[in-house]
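What follows is a set of notes on a single structure, which appears directly below.
Not measured: the values here are computed from a predicted model.
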Amino acid sequence: VQLQASGGGLVQPGGSLRLSCAASGFTLDYYAIGWFRQAPGKEREVISCIGRKGVSDGKIFYAESVKGRFIISRESDWNTVFLRMSSLKPEDTATYYCALISYGATCSTSESDYDHWGQGTQVTVSS
């Protein structure tokens, strides 16, 4: 199981980015997927997650800090989960990670439920 997070970069406040979580060797639709972030000196936090497609994909979670600005979605044809981020703020600066739950269908806000992680992608929001 290998996850690949990408799409980070430097963006001005108010700007947008789209992060991608892609997989090789397995189908992401079968798993609940979460996006996390970790800012320097802070603990890693969950910001969004989506349940397994066809079972719990209607169950989506957003942290209050990103609600209304970030959108998580699946693109099955590309075997990818996207995190579309808009109205970015300097406090969104962090390393972003995607992760999956291999044994359950439901979105979880608990980091310990995720058993496979991608490497991080850096997002920097600065003028």
Legend entry - Test: Arg44 cationic atom under 6.0 Å from Trp117 six-membered ring centre, within 45° of axis: yes
Inset, instruction - Heavy atoms only: give me the nearest Ile71-Tyr62 pair and the separation to one decimal. - result: CA-OH, 3.3 Å
Inset, instruction - May I ask you to decide if Ala5's main-chain N or O and Gln119's side chain share a donor-acceptor pair within less than 3.5 Å? - result: yes
Inset, instruction - Identify the heavy atoms of Cys21 and Leu3 that sit nearest to each other, and give their distance. - result: SG-CD2, 4.1 Å
Inset, instruction - May I ask whether Val46 and Ile60 are part of the same hydrophobic cluster, defined by side-chain heavy atoms of I, L, V, M, F, W, Y residues being less than 4.5 angstrom apart, directly or through others? - result: no
Legend entry - Sidechain-backbone polar pair: Thr93 side chain, Val125 backbone, donor-acceptor under 3.5 Å: yes
Inset, instruction - Would you check if the side chain of Arg69 reaches a backbone N or O of Ser87 as a donor-acceptor pair within less than 3.5 Å? - result: yes
Inset, instruction - Following the transitive rule for hydrophobic clusters with a side-chain heavy-atom cut-off under 4.5 Å over Ile, Leu, Val, Met, Phe, Trp and Tyr, establish whether Val81 and Tyr114 coincide in one cluster. - result: no
Inset, instruction - Answer whether the closest heavy-atom distance between the side chains of His116 and Ser102 falls below 4.5 Å. - result: yes
Inset, instruction - Report yes or no: does Tyr103 contribute a side-chain atom to a donor-acceptor pair with the main-chain N or O of Asp115 at less than 3.5 Å? - result: no
Inset, instruction - Step through the shown structure and confirm whether more than 12 heavy atoms of other residues, nucleotides or ligands are within 6.0 Å of CD on Glu43. - result: no
Inset, instruction - With rounding to the nearest 0.5 Å, note down the distance linking CD1 in Ile72 to CE in Met85. - result: 12.0 Å
Inset, instruction - Could you list the residues that satisfy ring-ring contact (aromatic ring centres under 6.0 Å, His included) with Tyr97, not counting sequence neighbours? - result: none
Legend entry - Polar side chain donor-acceptor pair, Thr106 to Lys59, under 3.5 angstrom: no
Legend entry - Hydrophobic cluster membership, Tyr30 vs Trp78, 4.5 Å side-chain cutoff: no
Legend entry - No-hydrogen, no-angle side-chain donor-acceptor test under 3.5 Å, Ser110 and Ser108: no
Legend entry - Audit row: Glu75, Thr80, side-chain hydrogen bond (donor to acceptor under 3.5 Å, both in side chains) steps and yes/no: CA-CA 5 Å; Glu75 182 53 64; Thr80 299; over 6 Å; no
Inset, instruction - Measure from the side-chain N and O atoms of Gln38 to the backbone N and O of Lys42, and report whether any donor-acceptor pair falls under 3.5 Å. - result: yes
Inset, instruction - Taking all heavy atoms of Phe82 and all of Ser20, pick out the closest pair and write down the distance. - result: CE2-OG, 3.2 Å
Inset, instruction - Kindly indicate, with the supporting measurements, whether the criterion side chain to side chain contact (heavy atoms under 4.5 Å, CB included) is fulfilled by Arg74 and Ile33. - result: CA-CA 10 Å; Arg74 294 185 181 275; Ile33 304 296; 4.0 Å; yes
Inset, instruction - Keeping the roles fixed (side chain from Thr124, backbone from Leu10), state whether a donor-acceptor pair exists under 3.5 Å. - result: no
Inset, instruction - With rounding to the nearest 0.5 Å, note down the distance linking SG in Cys107 to CD1 in Ile101. - result: 7.0 Å
Inset, instruction - State whether the side chain of Asn79 and the backbone N or O of Leu28 hold a donor-acceptor pair below 3.5 Å, judged by distance alone. - result: yes
Legend entry - Single-linkage hydrophobic cluster Leu19~Ile50, side-chain heavy atoms < 4.5 angstrom: yes
Inset, instruction - Take the angle between the ring planes of Tyr96 and Phe70 and call it parallel below 30°, perpendicular above 60°, tilted in between. - result: tilted
Inset, instruction - Using modelled atom types only, decide if a donor and an acceptor are shared between the side chain of Ser48 and the backbone of Phe61 within a distance under 3.5 Å. - result: yes
Inset, instruction - Report the distance from atom SG of Cys49 to atom CG of Leu83, rounding to the nearest 0.5 Å. - result: 11.5 Å
Inset, instruction - Determine whether the side chains of Ser73 and Arg84 contain a donor N or O and an acceptor N or O closer than 3.5 Å. - result: yes
Legend entry - Considering all heavy atoms, the nearest Pro13-Ser127 contact: CD-N, 3.7 Å
Inset, instruction - Give the minimum heavy-atom separation between Ser65 and Arg37, together with the two atoms involved. - result: OG-NH2, 3.5 Å
Inset, instruction - Compare every heavy atom of Leu17 with every heavy atom of Val123, then report the nearest pair and how far apart it is. - result: CG1-CD1, 3.9 Å
